[in-house]
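First up is the structure itself, then whatever we jot down about it.
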There are 2 protein chains.
Amino acid sequence: MKELIAKYREKGFKLTPQRLAILKFLDGNTGHPTAEDIYNSIKKIYPTVSFATVYNTLQTLGDKGEILEITIDPQKKHYDPNPNPHHHIICLGCNKIGDIFEDYSEALRLPNRIVEEFKPVGNHINFYGICRECQKKQKRRN
Amino acid sequence: MKELIAKYREKGFKLTPQRLAILKFLDGNTGHPTAEDIYNSIKKIYPTVSFATVYNTLQTLGDKGEILEITIDPQKKHYDPNPNPHHHIICLGCNKIGDIFEDYSEALRLPNRIVEEFKPVGNHINFYGICRECQKKQKRRN
DNA sequence: TTACCAGATTAGAATTATTCTAATCTAAAT
DNA sequence: ATTTAGATTAGAATAATTCTAATCTGGTAA
Ligand SMILES: [Mn+2]
Ligand SMILES: [Mn+2]
Ligand SMILES: [Zn+2]
Ligand SMILES: [Zn+2]
């Protein structure tokens, strides 16, 4: 927590109580929360916190490279408290998201015709699957 | 066009003029239109067409495996008239989308701890890059 | 310690994509 | 020609996100 404060103060990040609550929520969090998840959690301590604050803070943290926005659920944005490059698998039944830390970069060579048109800057693999829980539910239904 | 009609009639797909216009728009289209792109195009011929029809038709076509929904632009859904599995690169400047037909499946082995938790059903790689046009714009700005 | 102000917070409105509703219409089977 | 399951429509509803403009406050420097 002390480190958290020091880390962000160094970066010229104004540390308000609301922001600290958000940082604390994200710190070490291995999930992939939505803005709403974060809002609901912060609201317990700061009942007047607004969605705008949550979105503003997430935007700022994203700009600073402290979190990632992941484009995997077409319904809403998820945020990844772990900004190290990695991939994800999403359950097509319940949208549960899992981390995949394999490094596939060697294999992900782009064809020439693409490299001529785009300067590559990164990549992200969305794996799709059915989680164990949802597999059970499907069997029950049959 | 005749083939189009035959193909969909076979599948028990009721062929209305609006649907034919949508099918015609999508047939052989190598872009990645949004619902709005399609709506705007169809509206020229059927000015009373509604967004609901576009979304309904896209949903039905998706269910039939004739098109894909691609989750790459957090702002809006894009649809891919080419349902064969392939990957995409998106320009971080202008959101232009390019197709990548490389087959990386051999390399995309999932770690055991994931396979224990999820039954894999597919994957899709989002590459990110800057297109030539946007590279030029950036240089002008500097 | 205090005064200051750039930047943060807030409530609520606005925007935007998408889905829903319920009345009407129509393709195509009979 | 009749029938009807399914398609179309206008418009309302929903939901995620962004914007606005008034107010507040953390951190700096006198
Ligand atoms: Mn992750
Ligand atoms: Mn494509
Ligand atoms: Zn699941
Ligand atoms: Zn571009």
Side-chain angles (χ1 to χ4, degrees), chain A residues 2 4-25 32-43 45-64 66-67 69-79 95, chain B residues 2 4-25 32-64 66-79 95:
Chain A
K2 290 257 181 59
L4 254 191
I5 295 176
K7 173 175 171 188
Y8 284 101
R9 200 165 280 161
E10 265 174 39
K11 304 201 178 207
F13 189 78
K14 197 189 236 179
L15 283 172
T16 65
Q18 294 88 337
R19 282 184 165 188
L20 275 176
I22 295 174
L23 292 174
K24 204 170 143 194
F25 177 83
H32 300 86
T34 63
E36 193 185 9
D37 294 334
I38 298 168
Y39 173 74
N40 286 335
S41 163
I42 301 324
K43 206 172 35 169
I45 311 171
Y46 298 99
T48 68
V49 75
S50 78
F51 258 110
T53 295
V54 173
Y55 278 110
N56 288 343
T57 302
L58 289 170
Q59 171 79 55
T60 305
L61 289 173
D63 292 347
K64 292 191 186 302
E66 297 294 332
I67 63 171
E69 225 182 85
I70 52 188
T71 304
I72 190 170
D73 176 352
Q75 305 313 307
K76 47 181 66 161
K77 290 181 186 168
H78 290 253
Y79 295 87
N95 288 0
Chain B
K2 289 260 181 58
L4 254 190
I5 295 175
K7 172 177 172 189
Y8 284 101
R9 200 165 279 161
E10 264 174 40
K11 305 202 177 205
F13 188 79
K14 198 188 233 180
L15 284 171
T16 65
Q18 294 89 337
R19 283 183 163 187
L20 275 176
I22 294 174
L23 292 174
K24 205 170 143 195
F25 177 83
H32 300 86
T34 63
E36 192 185 10
D37 294 334
I38 297 167
Y39 173 74
N40 286 335
S41 162
I42 301 324
K43 205 172 36 171
K44 289 177 200 156
I45 311 169
Y46 298 99
T48 68
V49 76
S50 78
F51 258 109
T53 294
V54 174
Y55 279 110
N56 288 343
T57 303
L58 289 171
Q59 171 79 55
T60 305
L61 289 174
D63 292 349
K64 292 192 185 303
E66 297 294 331
I67 63 171
L68 294 175
E69 224 182 85
I70 52 188
T71 304
I72 191 170
D73 175 352
Q75 306 313 306
K76 48 181 66 162
K77 290 181 185 167
H78 290 253
Y79 295 87
N95 288 1

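Note that the structure is predicted; figures quoted are calculated from it, not measured.
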[X] [atom1] to [N] [atom2], straight-line distance once rounded to whole Å:
{"X": "A:Q75", "N": "D:dA15", "atom1": "CD", "atom2": "C1'", "answer": "10 Å"}
{"X": "A:Y39", "N": "C:dG12", "atom1": "OH", "atom2": "C1'", "answer": "12 Å"}
{"X": "A:H78", "N": "D:dA16", "atom1": "NE2", "atom2": "C1'", "answer": "12 Å"}
{"X": "B:D37", "N": "C:dT16", "atom1": "CG", "atom2": "P", "answer": "16 Å"}
{"X": "B:D73", "N": "D:dA16", "atom1": "CG", "atom2": "P", "answer": "18 Å"}
{"X": "B:L58", "N": "D:dA7", "atom1": "CG", "atom2": "P", "answer": "14 Å"}
{"X": "B:I42", "N": "D:dT8", "atom1": "CD1", "atom2": "P", "answer": "11 Å"}
{"X": "B:Y46", "N": "D:dA7", "atom1": "OH", "atom2": "C1'", "answer": "14 Å"}

Within the structure, does a side-chain N or O atom of [X] lie under 4.0 Å from either OP1 or OP2 of [N]?
{"X": "A:R19", "N": "C:dT9", "answer": "yes"}
{"X": "B:Q18", "N": "D:dT9", "answer": "yes"}
{"X": "A:T53", "N": "C:dA8", "answer": "no"}
{"X": "B:T16", "N": "C:dA27", "answer": "no"}
{"X": "B:K77", "N": "C:dT19", "answer": "yes"}

**Fill in**
Here the pair of heavy atoms bringing A:Y39 nearest to A:V49 is CE1-O, 3.3 Å
Nearest to the side chain of [X], heavy atoms from C-beta on, is which of [options]?
{"X": "B:L15", "options": "D:dT8, C:dA28, D:dT17", "result": "C:dA28"}
{"X": "A:V49", "options": "D:dT9, D:dT8, C:dT10", "result": "C:dT10"}
{"X": "B:A52", "options": "C:dA17, D:dA10, C:dT10", "result": "D:dA10"}
{"X": "A:N56", "options": "D:dA7, C:dT18, C:dT10", "result": "C:dT10"}

Which is true for [X] with a 4.0 Å heavy-atom rule: it touches a base, it touches only sugar-phosphate, or it touches nothing?
{"X": "B:S50", "answer": "base"}
{"X": "B:T34", "answer": "nothing"}
{"X": "A:P17", "answer": "sugar-phosphate"}
{"X": "A:K14", "answer": "base"}

**Reported NZ-to-CD distance for the pair B:K43 and B:E36, which is rounded to 0.5 angstrom** = 8.0 Å
**Asked** For the atom pair NZ (A:K77) and OH (A:Y55), what is the distance rounded to the nearest 0.5 Å?
**Response** 7.5 Å
**Request:** Assign each of B:E36 and A:T48 to its nearest nucleotide of DNA chain C by heavy atoms, then name whichever residue's nucleotide is nearer the 5' end.
**Result:** A:T48
Do you know which of [options] makes side-chain contact (heavy atoms from CB on, under 4.5 Å) with [X]?
{"X": "B:T60", "options": "B:K11, B:R19, B:K14", "answer": "B:R19"}
{"X": "B:V54", "options": "B:N56, B:L58, B:T57", "answer": "B:L58"}
{"X": "B:H32", "options": "B:I70, B:D37, B:N95", "answer": "B:I70"}

**Fill in**
Whichever of B:F13 and A:Y55 has the more 5' nearest nucleotide on DNA chain D, that residue is B:F13
